[in-house]
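One structure is given here, and the rest of the page talks about it.
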Number of protein chains: 2
Amino acid sequence: MKLREFAQQLGLSPTTVSRALSGYPEVSEKTRKRVAEEAARLGYRPNINAVRLATGRAGAIGVVMGRSGEFHFSEFMGGLAERLGTEDIDILVSPMDDKDPKGEIQLYSRLAVSGRVDAVIVHSPEPNDERIALLHKLGMPFLVHGRSDIDVPHAWLDIDNEGAIRRATSHLIDLGHRRIAMINGRQGRTFSLHRDKGYRDALQARGIAFDPRLVAHGNFTDELGFRFARSFLEQTPRPTAFVAGSMMTALGIYRAARSMGLEIGREVSVIAHDDVFPYLTADNMVPSLSATRSSMRAAGARSADLVLQLLSGRPSEEVHELWPVELILRESTAPPPPERS
Amino acid sequence: MKLREFAQQLGLSPTTVSRALSGYPEVSEKTRKRVAEEAARLGYRPNINAVRLATGRAGAIGVVMGRSGEFHFSEFMGGLAERLGTEDIDILVSPMDDKDPKGEIQLYSRLAVSGRVDAVIVHSPEPNDERIALLHKLGMPFLVHGRSDIDVPHAWLDIDNEGAIRRATSHLIDLGHRRIAMINGRQGRTFSLHRDKGYRDALQARGIAFDPRLVAHGNFTDELGFRFARSFLEQTPRPTAFVAGSMMTALGIYRAARSMGLEIGREVSVIAHDDVFPYLTADNMVPSLSATRSSMRAAGARSADLVLQLLSGRPSEEVHELWPVELILRESTAPPPPERS
DNA sequence: GCGACAATTTAAAACGGTTTGGTAAAATTC
DNA sequence: GAATTTTACCAAACCGTTTTAAATTGTCGC
C-alpha cells in the first residue's frame with residue numbers, strides 16, 4: 001500500500017500522515033494516534049527506498065571485513081546487529097582483499113562516495129591511519145574501533161590494551177617470572193603498539209631489561225602462536241611465561257609447550273587476551289587459561305550506539321570511550337619453576 | 001553529480017545516458033563508449049537509492065545471524081561478500097535471538113515484507129522448515145544453505161554430509177574400530193540428520209550394531225565436545241574413535257582425551273568435519289587432525305552466485321547443488337589399540 | 001463580532017533516477 | 001524513388017516518499 005492510498009482511506013493528506021508517522025510536532029495528538037493505529041491495522045509501511053531517496057539517508061552503516069584471521073568479526077557483528085536491529089538501519093558488509101594494501105583505501109573511498117552508507121566503522125587502525133584521514137576529508141561519519149594518533153578528530157571506542165597487558169605482565173613478574181615472552185598482534189596496529197607499551201612499562205617498572213628476542217608480531221592464528229612459541233621455547237634460557245594476543249594464539253602456545261613436553265601452569269605460564277567467544281572459552285582449556293577479558297560482542301553493540309549518536313549530530317570529538325579490561329586468573333599462571341643451573 | 005547535469009555535459013538526454021550505462025541495446029556502440037568514458041572521467045555514479053526506488057529492487061540480500069556458536073558465520077559471509085562485492089548488491093545482516101524460536105519466523109517475515117532485501121539466505125534448515133514455507137508463501141526469493149525435505153520447491157546449496165560421514169566412519173571401521181562415537185550438530189537440523197544417516201549406514205554395512213549411547217547432539221562448541229567426549233570415554237568399554245561435527249568439537253575431544261591420559265592417534269582416533277578456517281587448521285593440531293573438509297568460504301561465494309541467478313529469473317527448482325567433501329587423513333586416525341581383556 | 005496569532009492541515013515541489021511511448025533520420029525493401 | 005522498417009535518440013510520466021510554502025481552521029482578547 002502506498003502513502004497516497006493510505007492517506008485517502010484516513011481522509012487525510014499524505015503530508016499529514018507522513019508527519020504523524022515520523023513524529024513531527026505540528027500534527028495534533030489525536031490525529032497522530034489515529035494514524036498510528038490505522039497504519040498498524042492496515043499494515044502500511046513506508047517504502048524504504050523512497051524514504052531513503054527523499055531524505056538522502058542511506059539507512060545503513062558500513063563495515064569492512066578483512067579476509068584473514070577475522071574470527072572476532074562475527075562476534076563484533078553480532079553485537080552491532082543486535083543493537084541496530086531495533087533501528088531502521090542496516091549493516092552493509094564489504095569484503096577487503098588483505099593482500100592488496102592499496103585496495104583498502106580505494107575500498108573505503110568507494111564506500112564513502114557510493115552513498116550506500118551513512119557511516120563507516122574502521123577496525124584495527126594504525127597510529128597514522130590513511131583511512132581515517134580519507135573519511136574525515138570526505139566528510140563521512142565514522143567510528144574507529146580502536147584508536148589512532150593521527151592528527152584528525154575521530155570518534156573511537158577502544159579497550160585499554162596498554163593497561164590490560166601491563167597488569168598481565170606485572171602479575172607474571174609478581175609471580176616471579178623474569179623471562180616473559182609476548183606474542184602480539186599485527187605489527188603497526190595501534191592496539192599492538194599499546195600492548196607493546198604495556199608490556200615494556202611493566203618490565204621497566206621492575207627493572208627487567210627488555211629483550212627483543214622475546215617479542216613477536218603477527219596475525220592471531222593458532223599456527224603463528226605455535227611457531228613463535230616454539231622458537232621462543234627453544235632459546236636458552238627459555239621464557240617461563242607468555243603473554244598472548246588472542247585465544248587462537250594461546251591454543252598455539254599450548255600446543256607448542258606440549259610438543260616440547262612442558263607443562264603449562266607449572267613450567268610455562270600463559271596469559272592471553274580473550275574477546276569472549278561462545279564456542280571457545282578460556283575457562284574450559286586445560287589447564288584453564290588466565291586471561292585479560294573484554295567482550296567483543298559488547299563492543300559491537302556499543303559501537304552501534306555510538307554510531308547512532310554520531311548520526312544524530314554528536315560531534316566526533318566528544319565520542320571517545322575507553323573500556324577497562326578484566327584480568328581473570330586461572331590455572332595457566334603460576335610461579336616459575338625453580339631455576340636449574 | 002546528477003544524471004541531468006551529466007547528460008547535459010555530454011549533449012545527450014538523460015534517457016540515453018541511463019540506457020547507455022545500463023547496457024540497453026537501443027543505444028549506439030559509439031555513444032555507449034563515450035558515455036562510459038565520460039562517466040569514469042567525471043566520476044558520475046547513479047544515486048543508488050534513486051535507482052532502487054525507480055526499479056523497485058532493494059539491491060540487497062538478507063542473511064540472518066544466529067547468536068550462538070556461529071564461528072562459521074564470518075567465513076560464509078566472507079565468501080558471500082567477496083562475490084557480491086563486484087555487483088551492486090549489499091548484504092544485510094539481521095540478528096536473531098536464538099532463545100526465542102518463535103521470534104525467528106517473525107524475523108524472516110519482517111525481513112520479507114520490509115522490502116529491504118531482494119532475496120534471503122536460510123541457514124541450517126530443518127527437514128520441515130517453517131522459514132522455507134513462509135518465504136515461499138510470501139514469494140520472496142531465497143536460497144537454502146543446506147537442504148530440507150519440505151514439500152515446497154526451494155533452491156539449495158549443500159555439502160554431502162551423509163557421504164562425508166559415511167566415508168569417515170567407514171574408514172575408521174576399516175582401521176579396525178568397532179566402538180565409534182559421534183558428536184553431531186544440533187538435533188533436528190537436516191545436516192545433523194544426514195550425518196546421522198551416513199554414520200548409521202556405514203555401521204550397518206559392516207554389521208556393527210548402532211549404539212545410541214555413543215551419539216550426542218549439540219552446538220559446535222569446545223565445551224560440548226569436551227563434555228560429550230568425556231562422558232563417552234568413561235563408558236566401559238570405551239569408544240576407540242570419534243567422529244566430530246566441527247573443529248571446535250574436535251578441540252574439546254582432544255582436551256577430554258588428554259585429561260584422561262589417552263593419546264590421540266593411538267588410543268583414540270578422531271575425524272572431524274573442517275569448514276576451513278584461516279585461524280585454526282586441522283593440519284596444525286597435535287596430532288594433526290584427520291578431517292572431512294569443505295570450504296565454508298567457497299560455499300558463501302557460490303551462494304552469492306546462485307542467489308544472483310535466482311534474481312535473474314532462474315527457477316528455484318533448477319538451483320540445486322550438492323558438493324562432495326574431501327576426506328583428508330592425518331595423524332589422529334590409526335588402528336585401535338589391541339584389546340585388553 | 002472582528003482582527004491577530006497559533007495550531008493544523010494541505011497542494012505542490014523536490015529527491016534522482018528508469019521506463020513508456022513516441023519521433024526524426026538512416027537503412028532496407030520492392 | 002516511394003514505402004517500410006530499423007536505428008538512435010528524446011520528452012514526459014513515474015517510482016513513493018519528505019519537505020517547503022501556503023491555506024485553512026481554531027482560539028483569544030477586546
Quick one: label [X] by what it contacts on the DNA or RNA (base, sugar-phosphate, nothing), any heavy atom closer than 4.0 Å.
{"X": "B/F6", "value": "nothing"}
{"X": "A/L12", "value": "sugar-phosphate"}
{"X": "A/R19", "value": "base"}
{"X": "A/T16", "value": "base"}
{"X": "B/T15", "value": "base"}
{"X": "B/R4", "value": "nothing"}
{"X": "A/R45", "value": "sugar-phosphate"}

I want to confirm an ordering. Mapping B/R32 and A/P14 to their closest nucleotides on DNA chain D, which one lands closer to the 5' end?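 The residue mapped nearer the 5' terminus is B/R32.
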
Looking at [N], I'd like to know if its phosphate oxygens (OP1 or OP2) sit under 4.0 Å from a side-chain N or O belonging to [X].
{"X": "B/Y44", "N": "C/dG17", "result": "yes"}
{"X": "B/Y24", "N": "C/dT19", "result": "yes"}
{"X": "B/S18", "N": "C/dT18", "result": "yes"}
{"X": "B/K2", "N": "C/dG17", "result": "no"}

Determine, stepwise, if the pair A/R302 / A/E321 fulfils side-chain contact (heavy atoms from CB on, under 4.5 Å). CA-CA 10 Å; A/R302 181 63 180 155; A/E321 224 165 82; 2.7 Å; yes

Assess whether one donor atom and one acceptor atom, taken from the side chain of B/T31 and the base of D/dA8, lie less than 3.5 Å apart.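 A donor-acceptor contact between them is absent.
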
What's the [atom1]-[atom2] distance between [X] and [N], to the nearest Å?
{"X": "B/E29", "N": "D/dT7", "atom1": "CD", "atom2": "C1'", "result": "14 Å"}
{"X": "B/N47", "N": "D/dC15", "atom1": "CG", "atom2": "C1'", "result": "13 Å"}
{"X": "A/R52", "N": "D/dT17", "atom1": "CZ", "atom2": "C1'", "result": "13 Å"}
{"X": "A/K30", "N": "D/dT25", "atom1": "NZ", "atom2": "P", "result": "15 Å"}
{"X": "A/N49", "N": "C/dC15", "atom1": "CG", "atom2": "P", "result": "18 Å"}
{"X": "A/L10", "N": "C/dT10", "atom1": "CG", "atom2": "P", "result": "11 Å"}
{"X": "A/E26", "N": "D/dA22", "atom1": "CD", "atom2": "P", "result": "16 Å"}
{"X": "B/L3", "N": "C/dG17", "atom1": "CG", "atom2": "P", "result": "5 Å"}

What residue among B/E104, B/Q106, B/R110 forms side chain to side chain contact (heavy atoms under 4.5 Å, CB included) with B/Y108?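 Of B/E104, B/Q106, B/R110, side chain to side chain contact (heavy atoms under 4.5 Å, CB included) with B/Y108 is met by B/E104 alone.
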
Per B/A54 side chain, nearest of listed nucleotides D/dT18, C/dT10, D/dC15: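 Of D/dT18, C/dT10, D/dC15, D/dC15 is nearest to the side chain of B/A54.
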
Taking the nucleotide of DNA chain C with the nearest heavy atom to each, does B/S22 or A/T55 sit closer to the 5' end?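 That would be A/T55.
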
Using a strict 4.0 Å threshold on nitrogen-to-oxygen distance, state whether B/R34 and B/E37 make a salt bridge.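 The answer is no: the pair does not qualify as a salt bridge.
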
State plainly whether the residues A/R147 and A/D158 are in salt-bridge range, i.e. N to O under 4.0 Å.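 Answer for the salt bridge query: yes.
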
Looking at CG of B/L157 and CG of B/L322, how far apart are the two atoms once the value is rounded to the nearest 0.5 Å?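 Here the rounded value is 9.0 Å.
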
Would you please indicate yes or no on a ring centroid separation below 6.0 angstrom for A/H123 and A/F76?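 Judged by ring-centre distance (under 6.0 Å), A/F76 and A/H123 do meet the cut-off.
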
